[in-house]
Structure formats: structure tokens, C-alpha cells
Colleague: 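Supplied in C-alpha cells, the structure appears directly below.
Here is the naming used below: chain letters follow the sequence lines, and residue numbers restart at 1 for every chain.
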Amino acid sequence: MNQRTSIKDLPAFVNQSVTLHGWIRAIRSSGKIRFVEFRDGTGTCQCTVEAIHPEAFDALEHCGQETSLSLTGTVREEPRSPGGVEVSVEKVEIYQIAEEYPISRKEHGIDFLMQHRHLWLRSPRQEAILRVRHRIITAAREFFDQEQFTLIDTPIFQPGAAEGAGTLFDVDYFGSPAYLAQTGQLYLETAAMALGKVYCFGPTFRAEKSKTRRHLTEFWMIEPEVAFYELEDLEVLSENFLSHIVQAVLKHNRADLESLGRDVTALEKIQAPFPRVTYSEAVELLHNPELHAKLEAELASEQARGEGLKNEVAEKEAQLAQVSKAWKVEKLKKEIQELQDQIKELERWIANQPAHIQDAKSFEWGSDFGGDEETILSRQFDAPLIVTEYPKEIKAFYMKENPADPRTVRNLDVLAPEGYGEIIGGSQREDDLAKLLARMEAEGMDPEPYQWYLDLRRYGSVPHGGFGLGIERTVSWICGLKHIRETIPFPRLMGKMMP
RNA sequence: UCCAGCGUGGCUCAAUGGUAGAGCGGGUGACUGUUAAUCACUAGGUUGUAGGUUCGAAUCCUACCGCUGGAGCCA
């Protein structure tokens with residue numbers, strides 16, 4: 001067995017001999033010395049191979065990007081190296097000389113990267129995102145474990161729909177129709193009646209024809225469900241849960257967030273308690289002239305930001321004249337292009353904002369919030385916004401009618417800040433058999449396949465509730481990503497499955 | 001499903017009706033401190049597909065395919 005040292009541990013091995021196992025991220029040579037940027041999944045370090053070790057030096061002669069090998073040498077403190085330490089290599093053992101690697105250090109188009117997703121994962125940015133994803137999942141499980149929840153695995157093959165049947169993937173289950181799970185909720189409710197505090201975590205599937213930066217057809221959801229919890233308990237649970245996750249990522253993955261260019265100060269503000277509004281209050285807020293004034297002010301400040309961006313473009317264009325290297329010219333041009341794209345997006349936003357303000361003014365009680373309303377509302381707060389008690393008509397049959405206002409249900413949505421939209425949706429469940437049956441009838445549902453679920457209201461029914469957190473939307477928000485496709489190793493998007 | 005844009009070497013792009021080019025990556029060589037190293041040389045293209053207009057098409061037109069962005073839809 002080989003002795004192995006991880007790159008992240010190198011500072012503890014200064015002046016000692018180590019063996020690293022990994023891949024070449026980049027290699028440069030300068031006559032009698034080669035510089036190897038070496039990665040092993042824990043980090044990257046620069047290694048030098050000098051011609052005074054001819055075997056090692058010659059071994060690297062034809063090795064390109066992603067060649068796999070082990071390096072043995074001495075760790076030195078070295079200010080000229082990007083990581084502050086460097087390994088002087090004496091021995092090289094090659095596993096495989098990589099063929100010409102398709103992903104270079106230059107920029108690539110998104111289509112190309114998606115088709116090479118299996119290789120794209122090796123790039124530093126994707127590594128960072130995957131580590132944050134891991135932390136979010138680990139922190140979520142840790143939280144429920146600390147809170148004495150029991151993990152319950154719910155089935156992925158399910159006989160029917162919990163919600164809209166048009167968005168289910170159907171499969172042939174030995175000749176009978178079955179569907180891929182959209183949620184574990186109904187099953188989880190039964191487990192809550194057994195164990196009290198339970199949660200499930202698994203993949204869920206939606207056959208929605210949504211081609212947006214926020215939708216996947218296969219995504220992971222973590223769902224708690226608790227007996228004797230009412231809406232107010234769920235509000236507290238959700239804010240503690242999210243705070244715990246964000247704090248864990250800040251604690252363990254700060255470097256990853258910074259490498260992603262995430263504004264960490266925005267995340268540091270995420271501490272329970274969170275702001276709360278009811279749906280009706282949110283509608284009033286949308287109608288509030290003060291909000292409109294604020295939005296108008298925002299419009300002005302965004303216009304100013306647009307001017308700033310235009311100045312940046314001018315600056316870069318001035319720099320262009322002084323740069324002669326072709327690739328540097330291209331890089332500058334690309335940056336200018338990106339700025340111009342930003343300006344274009346901003347201008348589109350500015351152009352649409354008056355319409356959005358108008359929509360807000362004329363928003364009618366009873367409609368569901370669209371992306372625009374969600375964005376306007378959540379941008380009024382630094383922390384996630386808990387919105388409760390939506391109109392019954394636009395919500396699912398199992399949500400408990402609000403005794404204080406029967407037009408509404410006892411549900412909650414949590415909207416992430418910065419326009420990232422809904423990350424949590426949940427509710428207190430209807431625990432009254434008659435009301436639940438009436439509601440199913442109103443929706444035109446056949447109660448027959450749900451008898452097992454209705455049994456919970458026959459044998460010791462209690463108030464209970466829960467919610468679901470979409471892992472990928474949470475990753476997207478915490479990492480500050482533009483598109484959900486980077487939040488999961490192998491994204492399944494509408495009409496797309498490669499590799 | 002709708003709207004818009006795009007499709008040129010392995011990759012990122014240029015060439016707007018008149019000889020298809022650059023950078024990166026690949027290959028060969030030089031160089032002991034590189035940071036997307038540098039320098040020299042070099043290989044690599046039926047311009048997404050099919051049709052049309054034209055003396056001549058990467059460029060114009062039509063259809064199809066693919067991709068991207070947006071809208072719709074959306075726990």
C-alpha cells in the first residue's frame with residue numbers, strides 16, 4: 001500500500017518527504033525545470049521537477065493535462081508558488097498519460113461543457129460547488145439528527161399523484177401504471193404518526209415542461225414531518241433549519257464560497273428569526289405606495305449602476321489599445337462582451353420594471369405569486385422571507401383550512417433572498433376527515449386510492465405538518481449561481497440527459 | 001409550446017457576396033522560476049443538414065436539425 005498525503009495537508013509537512021497521488025491540471029517547462037500544477041481532489045499545489053532528477057524530469061516529457069501520476073518529493077515553503085508551499089519532486093510514477101484533454105483553461109460554451117459534464121466536474125469551480133452541496137446535505141441531516149428526527153425512506157415508485165397529475169413521470173410497473181415520486185410527503189405523514197418527528201431525503205421527479213434556470217426534472221428534496229406541529233412550529237423549524245445550514249457552510253466552506261465569488265456578507269445575515277408575512281399582508285405590501293416609491297428608487301439606482309457598467313466598458317476598451325498579446329485581447333473582448341450582456345440584462349430589467357410595479361399595484365388577492373412578485377417581495381428583506389396562509393384555491397388538497405379565515409390554508413413558503421425564489425414549501429395538514437374528503441371532492445379527486453392516507457384521520461388524527469426543501473435551489477442560492485444546472489453532478493433538464 | 005439569437009479546425013472566435021484566418025489546445029525544437037510562461041516552426045476545415053438565388057455563398061432566401069437566452073408552465 002502506498003503512503004499518501006493530501007494536498008490540503010501539505011503545510012504540516014514542510015521539510016518532509018511526501019507522496020501525492022493525483023492529476024496534472026497544467027504543466028509548464030522552462031528548459032531544465034518543469035512546473036506541474038497538481039490536483040488531488042483536496043486542493044492544488046505547484047510541484048517542480050528539475051533536470052537534476054533526470055528520470056523524473058524525462059518521465060514528464062509528454063505528459064499533458066489530466067495525466068494521472070504520483071509524485072514523491074520534499075515539501076518546501078516557497079513564496080513564488082501560488083499556494084505558498086511547493087513540492088520538489090524526486091520521483092514520478094505515472095498511472096496513465098492522458099490523451100489530449102478537451103477542456104482547456106480557456107473559456108468554453110455551456111453546451112460543450114454540459115456534454116463533457118463528466119470531465120467538467122474536475123474544474124475548480126465545479127469542485128467548490130460540489131463541496132458546498134455536500135456540506136448543505138450533511139448540515140441538513142445533522143440538524144434533524146440533533147433535533148431527534150428519525151430518517152424515513154419513502155418510496156420512489158408510487159401508485160398515484162400527491163399533486164398535479166400532469167407533471168408525473170409514468171413508468172410501466174409490471175404492466176400496471178406507476179409514477180416516479182414527486183414528494184415523499186403522504187408516506188412521511190404516516191411515519192410521523194408512528195415516530196413523531198421524521199424526515200425523508202431523496203430524489204423527486206417532475207415532468208414539467210419548464211425550461212428555466214430554476215428547474216430540474218430530477219432533484220433532491222429533504223422533507224421533515226412532525227406530529228402535533230402547527231403552522232407556527234413549522235415557521236420556527238424552517239428558520240432554524242436554514243440558519244443551521246448557512247452557518248455550517250460559512251464555517252466549513254468559506255474558501256469555496258469565496259472562490260465562487262459569493263458575497264459572503266449577505267450569507268452572514270442569515271440568522272433566525274426570519275421576517276414573516278401572511279399572503280394577505282404580502283398582497284397589501286404589493287399595493288403599498290411606499291413599496292412603489294422604493295421600487296422607483298431602485299429603478300434609479302439600477303440605472304446609475306448601468307452607467308457605471310458602461311464606464312467599465314469604456315475603460316476596458318481603452319486598455320485594449322495597450323495590450324498586444326492576442327489571447328489577452330480576446331480575454332478583454334470577452335470581458336467587454338460580458339459587461340455588455342450585463343448591461344443588456346439590466347436594461348431589460350429596467351424596461352420591465354414599470355410593468356412589474358404596475359403588476360404589483362394591480363395584483364389581485366387570490367392569484368398565485370409569479371416569479372416577479374416573489375422577487376419584489378423577497379428583495380425587501382435581507383433574510384429569507386416566510387410567507388404564510390395562501391388562498392385555498394391555489395394550494396394542494398391536503399393543506400389545513402385556516403380556522404381564522406377559511407378562504408386560506410395554514411401553509412408556508414420560504415423565499416430565498418436576492419431573488420432566488422421559493423426554496424421551501426410546506427403546510428400544516430388537514431387532520432379532519434370530513435374536511436379532507438370535501439376538499440378532495442371539490443378538486444375532483446377519487447378518494448379510493450387514498451384510503452390508506454385517509455386512515456390517518458380515522459385512527460388518532462392529530463395536528464401535524466411539514467415542509468420540503470429543494471436541495472438544488474438551496475445550493476444555487478448559497479453559492480450565488482446563475483443557473484441550477486451546476487448545483488447537481490449530473491443535471492436532468494427538460495428534454496436533456498447527457499451524459 | 002411561443003419569441004429572439006446562434007451554428008466556421010479539438011475549443012473560443014474572426015472573415016457580411018470575391019483566395020476560409022487568429023488565439024488556445026496538439027506536434028517538433030529552444031530556455032532553471034513559471035503563474036493561461038515565452039519564442040520559433042508545424043499539422044489540423046465538404047463553414048450543422050438539404051434545397052434555392054448568383055458568374056461566384058460561411059455570408060442572401062426556404063425548410064429541417066441542434067444549441068443558448070427569455071416567456072409560458074411550475075409544491
Colleague: State whether the distance check finds a donor on one side and an acceptor on the other, under 3.5 Å, for side chain A:Lys106 versus base B:G25.
Modeller: no
Colleague: When you measure from the centre of the six-membered ring of A:Phe201, is the NZ or CZ of A:Arg141 closer than 6.0 Å and no more than 45° off the axis?
Modeller: no
Colleague: Applying side-chain hydrogen bond (donor to acceptor under 3.5 Å, both in side chains) as the test, list every pair that has at least one member in residues 408-424 of chain A; sequence neighbours left out.
Modeller: A:Glu232-A:Arg410, A:Arg262-A:Glu418, A:Tyr390-A:Asp413, A:Asn402-A:Thr408, A:Arg410-A:Gln428
Colleague: Considering only side-chain heavy atoms of A:Arg28, which listed nucleotide, B:U34, B:A36, B:U68, is closest?
Modeller: B:U34
Colleague: Could you give the CD1-to-P distance, from A:Ile394 to B:C73, as a whole number of Å?
Modeller: 13 Å
Colleague: If I take atom CD in residue A:Glu61 and atom C1' in nucleotide B:U28, what distance separates them, rounded to the nearest angstrom?
Modeller: 10 Å
Colleague: Looking only at side chains, do A:Ser427 and A:Arg429 share a donor and an acceptor under 3.5 Å apart?
Modeller: yes
Colleague: Using the side-chain heavy atoms of A:Arg473, tell me which of these nucleotides is nearest: B:C31, B:U1, B:C74.
Modeller: B:C74
Colleague: Among B:C11, B:C31, B:A36, which nucleotide sits nearest the side chain of A:Ser30?
Modeller: B:C31
Colleague: So which one's nearest nucleotide on RNA chain B is more toward 5', A:Gly31 or A:Glu37?
Modeller: A:Gly31
Colleague: Taking only Lys NZ, Arg NE, NH1 and NH2, and the carboxylate oxygens of Asp or Glu, determine whether A:Arg276 and A:Glu239 approach each other closer than 4.0 Å.
Modeller: yes
Colleague: Could you tell me if A:Arg407 sits above the aromatic ring of A:Trp365, with its cationic atom closer than 6.0 Å to the ring centre and no more than 45 degrees from the axis?
Modeller: yes
Colleague: Hey, which of these two, A:Ile27 or A:Lys209, hits RNA chain B nearer its 5' end, going by closest nucleotide?
Modeller: A:Ile27
Colleague: Check the distance between B:U32's P and A:His53's NE2 and give it to me in whole angstrom.
Modeller: 16 Å
Colleague: Establish, from distance only, whether the side-chain atoms of A:Arg80 and A:Gln46 form a donor-acceptor pair under 3.5 Å.
Modeller: no
Colleague: Of the candidate nucleotides B:C74, B:C24, B:C67, which contains the atom at the shortest distance from the side chain of A:His215?
Modeller: B:C74
Colleague: Return yes if the base of B:G27 and the side-chain atoms of A:Glu100 contain a donor-acceptor N/O pair under 3.5 Å, otherwise no.
Modeller: no
Colleague: Is a salt bridge present between A:Lys392 and A:Glu443, judged by a nitrogen-to-oxygen distance below 4.0 Å?
Modeller: no
Colleague: Show me, range against range, the stems involving RNA chain B, built from at least 3 consecutive Watson-Crick or G-U pairs below 3.5 Å.
Modeller: B:1-7 with B:65-71, B:10-13 with B:21-24, B:26-30 with B:38-42, B:48-52 with B:60-64
Colleague: On the side chain of A:Thr167, is there an atom forming a donor-acceptor pair with the base of B:C73 - under 3.5 Å, no angle test?
Modeller: no
Colleague: Decide yes or no, distance alone: a donor-acceptor N/O pair under 3.5 angstrom between the base of B:C73 and the side-chain of A:Ser210.
Modeller: yes
